[in-house]
Amino acid sequence: MENADVRPTGPALPTGRGALSYGVVRALRGRPGSGTPLPPRGTADDAAPYGEDLHLALYLCYELHYRGFCGVDPAWEWDPALLAFRADLERRFLDALRTDTKRRTDVDEALADLLVESPDGASASHYLRDEGELWHLREYAAQRSVYHLKEADPHAWVIPRLRGRAKAAMAAAEFDEFGAGHADRMHSRLFAGLMTDLGLDTTYGRYVDVASGEMLACVNLMSMFGLHRALRGALIGHFAAVEVVASPASRRLAEAMRRVEAGDAAVHFYAEHVADDAAHEQLVRREVVGGLLEEEPWLETDVAFGADATGVLDARLAEKLLPAWRDGLSGLRTPL
């Protein structure tokens with residue numbers, strides 16, 4: 001029987017980048033159980049844990065829990081074979097993150113480290129503020145659209161897994177992210193305005209094909225943490241890390257947008273985050289993190305891990321973008 005929910009809506013399936021992602025794309029073009037095989041179990045064991053292929057494959061699996069893809073049967077979302085394959089990808093990614101992050105149990109220490117800036121200001125926001133041209137800002141916005149057009153969605157999954165102070169404060173922070181009841185103030189809508197000022201296509205998922213594997217890994221991190229109750233502490237650590245670094249980074253990016261005269265909406269998106277994220281940082285640290293650890297103190301190691309993993313992946317993205325930009329090259333897989 002034909003599934004009436006398979007409609008020509010949503011983003012198009014991206015182009016594969018290797019055996020893993022090509023295999024997922026090929027399977028999703030058919031119906032669950034139709035005979036089109038997924039890559040064999042264990043294939044992910046030899047894949048680069050931060051590589052383009054693994055992270056596009058993982059992104060494809062996760063996106064089924066958001067808006068899905070044009071013409072893809074929604075039954076794929078909970079297909080057992082696809083979930084088993086996804087678990088292999090997650091295991092490879094998570095093992096690498098646990099190896100590459102500091103093993104610490106102090107959340108305050110992990111969050112404090114994020115505020116220690118490198119002497120050379122080696123971050124995308126520093127570069128964009130000081131040297132960025134309009135084309136750099138357009139590339140950065142295209143990359144970040146993979147997350148910002150669904151901003152706050154991955155973090156919402158943790159709310160049912162919290163209780164007490166942590167749950168109330170997390171819901172309050174998310175309420176602000178979703179526009180406090182006003183659709184035109186949703187951060188995803190504000191980011192679409194920024195993209196319009198920069199002459200970019202605001203279609204959801206439009207720039208997945210050009211986004212780097214490093215950017216996909218950043219988005220996959222929050223999806224992985226959000227979808228697993230066992231990783232709820234890591235998701236809170238990630239959210240706290242985002243709020244800690246967002247205000248100073250947003251200030252630099254607002255300055256960059258003003259300097260190149262990108263437009264009022266482009267400046268407003270980051271200017272809005274300067275104030276909002278400064279307030280959220282205190283709320284998240286005191287009430288979300290504090291409330292969670294009051295209820296479940298054994299999760300402090302996980303919270304610290306989530307913060308540290310966020311720093312590792314943000315650094316990898318900067319290491320991808322900055323050398324390319326300094327050489328006058330695109331940081332995207334295909335220039336705009």
Side-chain angles (χ1 to χ4, degrees), residues 111 114-152 155 173-180 182-202 207 211 215 218-219 222 238-285 310-311 313-315 317-318 320-322 324-326 331-332 336:
L111 295 176
L114 293 171
L115 291 173
V116 178
E117 297 182 347
S118 60
D120 58 355
S123 74
S125 63
H126 280 96
Y127 181 89
L128 292 169
R129 180 195 63 188
D130 299 336
E131 304 178 51
E133 300 175 21
L134 182 60
W135 71 270
H136 293 121
L137 290 162
R138 295 182 77 246
E139 285 205 349
Y140 186 71
Q143 291 255 31
R144 296 294 302 174
S145 71
V146 180
Y147 163 61
H148 280 305
L149 290 180
K150 62 169 170 252
E151 187 170 350
H155 302 122
E174 287 285 274
F175 183 62
D176 287 346
E177 299 282 345
F178 287 124
H182 300 276
D184 60 329
R185 298 181 194 170
M186 292 174 62
H187 286 187
S188 57
R189 185 75 64 84
L190 296 179
F191 192 79
L194 174 148
M195 295 178 74
T196 298
D197 270 1
L198 294 175
L200 297 171
D201 188 339
T202 63
Y207 295 105
M215 185 65 235
C218 291
V219 179
M222 58 189 86
H238 165 77
F239 188 61
V242 168
E243 298 299 335
V244 163
V245 301
S247 186
S250 292
R251 183 176 290 106
R252 292 188 287 268
L253 291 165
E255 292 173 13
M257 294 293 179
R258 288 190 190 98
R259 183 171 55 78
V260 302
E261 299 180 338
D264 291 343
V267 172
H268 177 68
F269 176 79
Y270 288 113
E272 178 92 353
H273 278 67
V274 173
D276 284 359
D277 291 336
H280 285 173
E281 177 194 348
Q282 296 304 311
L283 175 69
V284 171
R285 292 184 73 156
T310 303
L313 295 185
D314 285 349
L317 179 60
K320 169 73 174 181
L321 296 177
L322 297 182
W325 286 348
R326 287 170 178 152
L332 299 171
L336 296 173

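Both backbone and side-chain heavy atoms feed into the values below; hydrogens, waters and symmetry mates do not.
- Between W325 and E139, the side chains place a donor N or O and an acceptor N or O closer than 3.5 Å (distance only, hydrogens not considered).
- The two residues V260 and G132 make their nearest non-hydrogen contact at CG1-O, 3.7 Å.
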**Message:** Please evaluate residues K320 and M215 with respect to the criterion side chain to side chain contact (heavy atoms under 4.5 Å, CB included), reporting the C-alpha separation (whole Å), side-chain torsions for both, the decisive distance (0.1 Å), and the verdict.
**Reply:** CA-CA 9 Å; K320 169 73 174 181; M215 185 65 235; over 6 Å; no
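- Side-chain contact between L149 and M195: present, with at least one pair of heavy atoms (C-beta onward) separated by less than 4.5 Å.
- Contact record, D176 with H187: O-NE2, 4.0 Å, taken as the closest heavy-atom pair.
- Under the rule for a ring pair (Phe, Tyr, Trp, His ring centres under 6.0 Å), the partners of F191 that lie at least two apart in sequence or sit in another chain are H148, F269.
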**Request:** For R285 and V244, run side chain to side chain contact (heavy atoms under 4.5 Å, CB included): C-alpha distance rounded to whole Å, both residues' side-chain angles, the deciding distance at 0.1 Å, then the answer.
**Result:** CA-CA 9 Å; R285 292 184 73 156; V244 163; 4.2 Å; yes
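- The distance from atom CZ of R129 to atom CZ of R251, rounded to the nearest 0.5 Å, is 10.5 Å.
- The two residues A265 and G193 have their closest heavy-atom pair at CB-O, 3.5 Å.
- Here the side chains of L134 and L198 are in contact, with some heavy-atom distance below 4.5 Å.
- Residues L336 and Y207 are in side-chain contact: their nearest non-hydrogen atoms beyond the backbone lie under 4.5 Å apart.
- Residues D314 and C218 share a closest heavy-atom pair of OD1-SG, 3.9 Å.
- Proximity of a side-chain donor or acceptor of E272 to a complementary backbone N or O of L190 within less than 3.5 Å is not detected.
- For D264, there are no side-chain contact (heavy atoms from CB on, under 4.5 Å) partners at least two apart in sequence or on another chain.
- Atoms CG and OG1, on L194 and T202 in that order, are 11.5 Å from each other to the nearest 0.5 Å.
- Here the side chains of M186 and E151 are not in contact, with every heavy-atom distance at 4.5 Å or above.
- Rounding to the nearest 0.5 Å gives a distance of 7.5 Å between OG of S123 and CG of L322.
- Remark: side-chain polar atoms of R185 are not paired, donor with acceptor, to backbone N or O of A180 under 3.5 angstrom.
- Other residues, nucleotides and ligands place no more than 12 heavy atoms under 6.0 Å from the CD atom of E261.
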**Item:** Test side chain to side chain contact (heavy atoms under 4.5 Å, CB included) applied to L332 and Q143, step by step
**Value:** CA-CA 8 Å; L332 299 171; Q143 291 255 31; 3.3 Å; yes
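- Counting only heavy atoms from C-beta outward, the side chains of L321 and H136 never approach each other to under 4.5 Å.
- Interatomic distance, D130 CG to R259 CZ, rounded to the nearest 0.5 Å: 7.5 Å.
- Put simply, the side chain of T310 does not reach to within 4.5 Å of the side chain of F239, judged on heavy atoms.
- Between V242 and M222 the shortest side-chain heavy-atom distance does not fall below 4.5 Å.
- Shown here for L200 and A141, the closest heavy-atom pair between the two residues is CD1-CB, 3.7 Å.
- Without hydrogens or angle criteria, T196 side chain to A192 main chain gives a donor-acceptor distance under 3.5 Å.
- A distance of 5.5 Å separates CD of E243 from CD of E177, quoted to the nearest 0.5 Å.
- Scanning both residues, E174 and A152, for their nearest heavy atoms gives OE1-O, 2.7 Å.
- Interatomic distance, R252 CZ to S125 OG, rounded to the nearest 0.5 Å: 3.5 Å.
- Residues Y140 and L253 meet the side-chain proximity criterion, which asks for heavy atoms closer than 4.5 Å.
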**Request:** Test M257 against H268 for side chain to side chain contact (heavy atoms under 4.5 Å, CB included), laying out the working first.
**Result:** CA-CA 9 Å; M257 294 293 179; H268 177 68; over 6 Å; no
